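Counting convention: from 1, in listed order, for ligands and their atoms alike. All of these numbers come straight from a predicted model, not from anything done at the bench.
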Amino acid sequence: MRKYILSALLLLSLSIAAQTSGENPNADHFIYQGYLSDYKLGQASSAFNAIDDMLQTYLPGKEIPLPRELALVSLDQLLHDTDNDATEPFYTFINKRMQRVLKDLDRPVTKGLRIYKLYNDGFIIKSKKATVAIDLIPGGPNDKPFITDSIIYGIAGKCDALFISHIHADHANLNIAKSFAARGKRVIVPNGVWVGVDSLIQPIEVGGVETDIEFEELDLTLHVLPGHQDNIYNNINVVEFHGEGTVAQTGDQWNGPDLSWIVNVYKHYNIDVLMPNCWIHDMEESIRGFNPKLIITGHENELGEHSIDHREAYWVTIKKMEAMPNLNIPYVLMTWGEWYDYLK
Ligand SMILES: [Zn+2]
Ligand SMILES: [Zn+2]
């Protein structure tokens, strides 16, 4: 009996606290009048859940069925509404999807490459013999990262090497890099980045001869192409998984003069999958330069400090691809926490 009285008192005090702190006392009954932010949180939560379900029903492929397109465009709308930034529905959505990546990384690849897309321009490519991360970050502010430590470090722990395109925080995270080095895994970064931090964190020396880096134990070769975002070094990482396929991730490639050599990449490398930043300088010429068999764009919906017109959207990527009908190169549009199996 005493227990029930205590419970009742607790409930009463909780409900008084809820009212006095301005929380909606009728939220359990879905009555939102007068509680605008509660309404928006409820709506975002409902929409994120429906999108997650839809994306799991209509998986990534070379064609985008209308329900999947609607899910992606709805995601654009949620992620371009800054009211949703750093809210619980967003954190729940992204962590639920990253948790699936963490789990799926245990599933072996027997042939070809499995390509996972992560926030923001992050990719993990898994072959039979190697699991490589590119631009792996937790995202968000340091005091409340988008992806929880247990998930992002769990993912990092399943990878054999980390390649970083450039120093910007939406691509490079020193703590993640250190976690690789602490496990004896190599991290390849651009010229001048994190010099002297750890012998396994290795800046590429621009102008040096060693831009082809062998990873014999992983049966792969990394070719680093000397790209730029404006005037900062931006490594374009071309990873050749021997016998299984070659992928290229462009980081934040944005530099007019670099196009003079990018248009000739196909003469030197046989690229299977190109993973360009969705806003790369001259998308069409860049694609022609790499001449891949498949395109998987990255960097959509970066929730950074800049204004929403540069968050980039899935619908913009769709329009961009539609505007290049003569390319005849298929593309797979993925969001965070999805993967696609590529067979040569
Ligand atoms: Zn950048
Ligand atoms: Zn970026």
Undergrad: Validate the cation-pi geometry between Arg114 and Tyr340: distance from NZ or CZ to the six-membered ring centre under 6.0 Å, angle to the ring axis within 45°.
TA: no

Undergrad: For the Zn ion (ligand 2), which protein N/O/S atoms are closer than 2.8 Å?
TA: Asp170 OD2, His171 NE2, Asp252 OD1, Asp252 OD2, His299 NE2

Undergrad: Check residues 158-168 and write down every donor-acceptor pair under 3.5 Å in which the side-chain atom is one partner and the other belongs to a residue at least two apart or another chain.
TA:
unit_1: Lys158; atom_1: NZ; unit_2: Asp106; atom_2: OD1; d: 2.8
unit_1: Lys158; atom_1: NZ; unit_2: Asp106; atom_2: OD2; d: 3.4
unit_1: Asp160; atom_1: OD2; unit_2: Thr131; atom_2: N; d: 2.7
unit_1: Ser165; atom_1: OG; unit_2: Asp135; atom_2: OD1; d: 3.3
unit_1: Ser165; atom_1: OG; unit_2: Asp135; atom_2: OD2; d: 2.8
unit_1: His166; atom_1: ND1; unit_2: Asn234; atom_2: OD1; d: 3.1
unit_1: His166; atom_1: NE2; unit_2: His168; atom_2: ND1; d: 3.2
unit_1: His166; atom_1: NE2; unit_2: Gln229; atom_2: OE1; d: 3.1
unit_1: His166; atom_1: NE2; unit_2: Asp252; atom_2: OD2; d: 3.1
unit_1: His168; atom_1: ND1; unit_2: Gln229; atom_2: OE1; d: 2.9

Undergrad: Evaluate the ring planes of Tyr116 and Trp339, with Trp represented by its six-membered ring, and classify them as parallel (under 30°), tilted (30 to 60°) or perpendicular (over 60°).
TA: tilted

Undergrad: Report yes if the side chains of Lys320 and Trp279 come closer than 4.5 Å at any heavy-atom pair, otherwise no.
TA: yes

Undergrad: Step by step, work out the ring pair (Phe, Tyr, Trp, His ring centres under 6.0 Å) result for His171 and His299.
TA: CA-CA 10 Å; His171 299 257; His299 217 302; 5.1 Å; yes

Undergrad: Determine yes or no for a side-chain-to-main-chain donor-acceptor pair under 3.5 angstrom, with Arg311 supplying the side chain and His80 the backbone.
TA: no

